[in-house]
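Contents: one structure, followed by commentary.
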Amino acid sequence: MLDKRYNAEEIEKKWQKFWEKNKLYKFDSKSKKPIYSIDTPPPYASSGHLHIGHALHYTQFEIIARFRRMKGYNVHFPPCFDNNGLPTEKYVEEKFKISKADTTRAEFRKLCLKESRDIEKAYSDKVFKRLGHSYDWDLMYTTIDSEAQKVSQFSFVDLHEKGHVYRAEEPTLWCPHHQTALAQAELEGVDRNTTLNYIYFELVDGGKIEIATTRPELLPACVGIFVHPEDKRYKKLVGKKAVVPLFGQKVKIMKDEHVDMEFGSGIVMICTFGDTNDIEWWKKYKLELKVCVTKDGELNELAGKYKGMKFTEAKQAIIGDIDKEGLLIKQEKLQQNVNTCWRCNTPVEFIVTKQWFIKALDFKKELIKQGRKINWYPDFYRVRYEDWTKNLGWDWCISRQRFYGVPMPIWYCKDCGKEVVAEKSELPIDPTIKKPSKKCKCGSDKFEAENDVFDTWMTSSMSPEISVRWLENPKEFKNRFPISLRPQSHDIIRTWAFYTILKSYLHFNEIPWKDIALGTYILDDKGKGMHKSKGNVVWTHEVLENYDVDTLRYWVGTATWGEDLAFKENDLIAGRKFLTKLWNASRFVLMHLEGYSPKKVELELMDKWLLSKMNKVIKEATDNFMKYNTSVSKKAVEQFFWHDLCDNYLEIVKSALYNEEDSTRKESAKYILYYSLLNVLKLIAPIIPHISEEIYQKYYAEQEGDKSVHISEWPKYEEKLIDKNAEEIGNIVIDVVSAVRRYKTGKGLSLKTELNKLVIECDKKLEEDLKKTFDDLKGTLKVEEIEFGKGKEKVGKVKISIFE
RNA sequence: GGGCCCAUAGUCUAGCGGUUUAUGACGUUGCCCUUACACGGCGGAGGUCCCCGGUUCGAAUCCGGGUGGGCCCACCA
C-alpha cells in the first residue's frame, strides 16, 4: 500500500520514465477517435529564456491535452522549438564575440544551429520532461528544420504565384542596431524625454518663420513645410519658399489639415523620413526624396561636415551651429513616445530600401471575418485582434537583412534585373548556394542570389501547417486542418495570431484553428512584468528546488486563462497541502479497499448524497475544462474531495469501516469509496499527473485494467444519480454533525467524547428519511441515542438539543 | 487620445439578478494527539463586495458616470 509519506522526487522520475518508455502520449494516426490537435508555441531556443511564466503557460495547455486525451480524443501534441531568429543570432554573436560581418553566412549558421541544438536538449530534459509534459516527442519540430524551411519557402512561392507578395522600394522601418528591416508588429513604444527646438527659417522673399522640431539632425533631408489651411497666422505663407538653415535648400510651404495648430509654432517641416506622417505627406504631395542617414544610424554625405556622426552626436552639433548663427529661438522639454526595435530598444528609422512584402491591407475585412469564425478564450481578446487589424497601416515586410533564418528563395537576373522565384519542387533551397534551374526569360543565366532571410514570423505563421505536416502528407493534412487549439500569450496577438490567420486565409481560405486560448501572463510579486533586464525573473528550476512538480502544477491549475497572475511563492503552499491531503486520504481509502473489487450494492442515504454531489462535480469539472476554465474545474474537484469526501463522508463511514463484522453498511461505503476516490484521481490527474498516477497504479490500474490513469476514461456524468432528496437530507446531517462538533469544541472536549442523547426537531415529512441516517450519525458523533422531539438550537433547517 | 480588462476581509480568489446573514485558500487565533493526515481536524475573529447615480419588488451581480490599476494600440513634427 502507500508509504507513510509521498516521496515526490522518486515518484515523479519513475512515472516520467514509464510514460516515455511506453509512449503513452503517442499520437495514433490510425485511430478512429476524434482528433484534438494543439498548435504548440515554439519556445525560443536561446539560453536563459524559459522562466516560471513559460512553465505556467506551457503547463496550462498541457493540462488541456491530458484532459482531452482522457475524454477520448486522439491528441496531437507536438513539442517544438524556435531556433530561427534574431535571439539566436544575437546570442551567438555575444557568446563567440563575433559579428555576422566577420564570418561567412554558412559558418555563422553552423554556430547558431549547434547552439540551439544544445539548448533544445537542455530545455527538453530540464524543463518540459521535468514538468511531466505529455508531448508526443516523435512529432517534434524546430523552425530551422528543413521541413519547416520548406513550408516557409513554399508559402512564399505559393503567395507569389497567387499575387499576394511584392517587392518595393519603400520607406521601411529599420533597426540601425540589427541592421535590418522590421515589420510594424515588431515595434515597441518607449517613453523618453527629448528636446523640442524652435528654429528660425528665413523666407526667400524676406522675413522668417519659426519651426519646432525634435529631429534637427534631419534638416539636410528637409523637403517641405506645412501649415494648417485655417491658420490665420500663416495663410499668407502658403506657396512661398523658405531656406533650411545650415543646409540652404529652398523648400515650399504648403497647407494640410493634419497640421496641429496648437503644437510648437504650428508650422511643420517634412524630412524624408522622420516619422510616418512624413511618409504620408511625401507620398501625397510627391515631394523630393532626400536621404541623409545611413543604415547604421549615421549621417551621410548629404549632411556635409556632419557626415559620419551618429544621430545624437549630429543633433548636438547641428543645434550648436544653429545657435551660433543666432537661429535657435528656444528649447523645450518634451515627453515623447518613440517606436523602437522590440528586441534591442533602438529607435527605428525610416530608410528607403528594397524589401519584400505580403499584402495584408487589402484583406482587412476578410481577416476580421475569419477572426470571428474562431472561438476566442476569453472572448474579449478577439476585439484586440480586430483593433489591430483595423488599424494596420502597412503591408507585412517579410525580408530581413540577417544571416540566421530561412533564406528567401529568390534570384535576380544580372542582365535584365528581373526576379526569379524558386520552383516549389526544389524547396528548401538556399539561393546563395544553388542557382535557378532555368534561364531567365531574357535568356541570361547570370544571377545574383537574394541574401536576405525571412522575418521569423514567416515560419511561425505556418506552425499549424508545419505541426500537422502539410507538405509531407497533403492528403492527411486536409483531415487535420483546421487545428483544434492555438494556445498563446496575449502580447503576440498582433504577430503570431494575426500572421497565422492571414496565411491560412491566403493559402486555403480557411481559419487555422477552431479555438484560440490566451494563456496566463506572469507578473512578478509586485505585479510587474518579468524581464531579465529588470532582474525580477523567477526561474523554473529555482522553484523546483523547493517544490514538487505537482505542487507547481497545482499552482498552474489555479491560474485563469487570459488573466495576469503575480507570482508569489506563498501561493505554492496550497498545492503542497493538497498533495499531502490527497496522499493521506488515499492511504486511508486504499487501506480499507485492500482485496476489494466493486460490487453493486444497495446504497444508504449518505452514499446517495455523496454520489449526487460527485456527479455534479463531474459535470462542472468537465464543462469547465471544455471551456478552458481550468481553475474553476480544479476548484470544484478540490472542494468535493476535501470537504464533502474527506471532512464529511469519510468521518461518517469510519465507524462502519472499522467494524470487524461485515455489514451491508460497510459494503456500500466501500463501493462509494472505490468510485469517489477513483473519480477524484481522474478529475485531478491532468493537473497533478504524478501523484495521481502513483495512487492509481497502486490499486486501481489492476482493477480497472488500464495501463495508466492518463489514458483511462474520463468520469461520466450520470444524471440519474442526481438525487435532490438525498442531498437535502444529507445536508441536514452535515449541519447536525457540524453543530455537535461545535458543541464539543466549545467545551474544550475531544471530538470522540461520548454523548448521551441527541434530539432533533424537524419537518415531519423529513423524519422518515432522516431516521435512516441515525446509525451513521451515532457512529460519527459518538452519541448513544437519537430521537425526534423538541430542539433548542436552530441548525439550518432543523433544531437540536444535546445531552451529555 | 482610442480600445480592452480588472477592482470582493492583511493577501490571493469564487460568486456575475433572488437559493448568500458573500465562497474557498494563505495568514491569524482558540480548542482537540479523533486507530489516513498535527504538512491534520473542529471552531473563531476579520468585509461600507472602489465611489456616485439609475433600472428593478430585489444589485457584489445589469446600465450610466467617476476614481484607481493593468494591458494593447495610436501619437504631435
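Heavy atoms only: backbone and side chains are in, while hydrogens, waters and symmetry mates are out. Residue numbers begin at 1 in each chain, while the letters A, B, ... track the order of the sequences.
Although no hydrogens or angles enter the test, the distance criterion places no donor-acceptor pair under 3.5 Å between the side chain of Asn629(A) and the main chain of Phe625(A).
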Carefully, step by step, assess Tyr674(A) and Tyr699(A) under the rule ring pair (Phe, Tyr, Trp, His ring centres under 6.0 Å).
CA-CA 10 Å; Tyr674(A) 183 95; Tyr699(A) 172 69; 5.8 Å; yes
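Here, G68(B) and C31(B) have their P atoms 47 Å apart, quoted to the whole Å. Using C1' as the reference atom, U55(B) and G40(B) are 50 Å apart when rounded to the nearest Å. Comparing the same atom, P, in G53(B) and in G10(B) gives a spacing of 25 Å after rounding to whole Å. Rounded to whole Å, the C1' atom of U56(B) lies 26 Å from the corresponding atom of G47(B). With both ends at atom C1', the span from G70(B) to G27(B) equals 26 Å, rounded to whole Å. Spacing between C4(B) and G64(B) at atom P, rounded to whole Å, works out to 11 Å. A distance of about 31 Å separates the C1' atoms of G66(B) and U21(B), rounded to the whole Å. C33(B) and G69(B): their C1' atoms are spaced 48 Å apart (whole Å).
Using a 4.0 Å heavy-atom criterion, one finds that Gly748(A) contacts the sugar-phosphate atoms exclusively. No engagement by Arg576(A) is indicated, since no non-hydrogen atom pair under 4.0 Å with the nucleic acid exists. Across all strands, Cys646(A) comes closer than 4.0 Å to base atoms (heavy-atom distances). Backbone-only engagement by Arg494(A) is indicated by non-hydrogen atom pairs under 4.0 Å involving sugar-phosphate atoms exclusively. Within the nucleic acid shown, Thr580(A) comes within 4.0 Å of at least one base atom, counting heavy atoms only. Using a 4.0 Å heavy-atom distance criterion, Trp642(A) is classed as a sugar-phosphate-only contact. Residue His258(A) is classed as having no contact, given no heavy-atom separation below 4.0 Å to the nucleic acid. No engagement by Leu590(A) is indicated, since no non-hydrogen atom pair under 4.0 Å with the nucleic acid exists. Contacts of Lys4(A) with the nucleic acid, taken as non-hydrogen atoms under 4.0 Å apart, involve only primed sugar atoms and P, OP1 or OP2. Among the heavy atoms of the strands lying under 4.0 Å from Asp647(A) are primed sugar atoms or P, OP1, OP2 only; no base atom is included.
Within the model, atoms CZ of Phe498(A) and CD1 of Ile492(A) stand 14.5 Å from one another, a figure rounded to the nearest 0.5 Å.
Across every non-hydrogen atom of Leu582(A) and Phe641(A), the tightest pair is CA-CZ, 3.5 Å.
Remark: Arg587(A) does not engage Asp3(A) in a salt bridge, criterion side-chain N to carboxylate O under 4.0 Å. Ion pairing of Asp776(A) with Arg665(A) is present here, as a side-chain N (NZ or NE/NH1/NH2) and a carboxylate O approach within less than 4.0 Å. Electrostatic pairing of Glu620(A) and Lys616(A) does not count as a salt bridge here, judged by no charged N lying under 4.0 Å from a carboxylate O.
For the pair Asn584(A) CG and C37(B) P, the interatomic distance rounds to 7 Å; values are reported in whole Å. Distance Asn648(A) CG to U34(B) P: 20 Å, rounded to the nearest Å. To the nearest angstrom, P of A74(B) lies 11 Å from CG of Asp387(A). Rounded to whole angstrom, the span from the CG atom of Asp379(A) across to the P atom of C6(B) amounts to 12 Å. Atom NZ in Lys390(A) sits roughly 15 Å away from atom P in C73(B) (whole-Å rounding). Distance Lys654(A) NZ to C42(B) P: 11 Å, rounded to the nearest Å. The distance from atom CD1 of Ile734(A) to atom P of C42(B) is 11 Å, rounded to the nearest whole Å. Rounded to a whole Å, the CZ atom of Phe578(A) is 13 Å from the P atom of C26(B).
Side-chain atoms of Arg742(A) lie closest to G44(B) of the nucleotides A77(B), G44(B), U34(B). Taking only side-chain atoms of Ser750(A), from C-beta outward, the nucleotide of G3(B), C5(B), U34(B) with the closest atom is U34(B).
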With B for base contact, S for sugar-phosphate-only contact and - for none (protein heavy atoms under 4.0 Å), nucleotides 9-25 of chain B reads --SSSS--------BSS
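Here Ser489(A) pairs with Asp491(A) under the side chain to side chain donor-acceptor pair (under 3.5 Å) rule; sequence neighbours left out.
Trp561(A) and Tyr377(A) have their aromatic ring centers separated by at least 6.0 angstrom.
Cation-pi geometry between Lys654(A) and Phe588(A) is met: the NZ or CZ atom falls under 6.0 Å from the ring centre, inside 45° of the normal. Tyr554(A) does not carry Arg576(A) over the face of its six-membered ring by the limits of under 6.0 Å from the centre and within 45° of the normal.
Each of Lys390(A), Arg382(A), Arg384(A) was checked for a salt bridge (Lys or Arg N to Asp or Glu O under 4.0 Å) with Glu386(A), and the lone residue meeting it is Arg382(A).
The phosphate of G41(B) (OP1 or OP2) has a side-chain N or O of Lys581(A) nearer than 4.0 angstrom. OP1 or OP2 of G43(B) lies within a sub-4.0 Å distance of a side-chain N or O belonging to Ser738(A).
Residues Met269(A) and Leu751(A) each lie close to RNA chain B; by heavy-atom proximity, the contact nearer the 5' end of the strand is made by Leu751(A). Checking Phe588(A) against Thr276(A), the closest nucleotide of RNA chain B that is more toward the 5' end is the one next to Phe588(A).
Among the duplex regions that RNA chain B forms, those built from at least three successive Watson-Crick or G-U pairs under 3.5 Å are B:1-7 with B:67-73, B:10-12 with B:24-26, B:28-32 with B:40-44, B:50-54 with B:62-66, ordered by first number.
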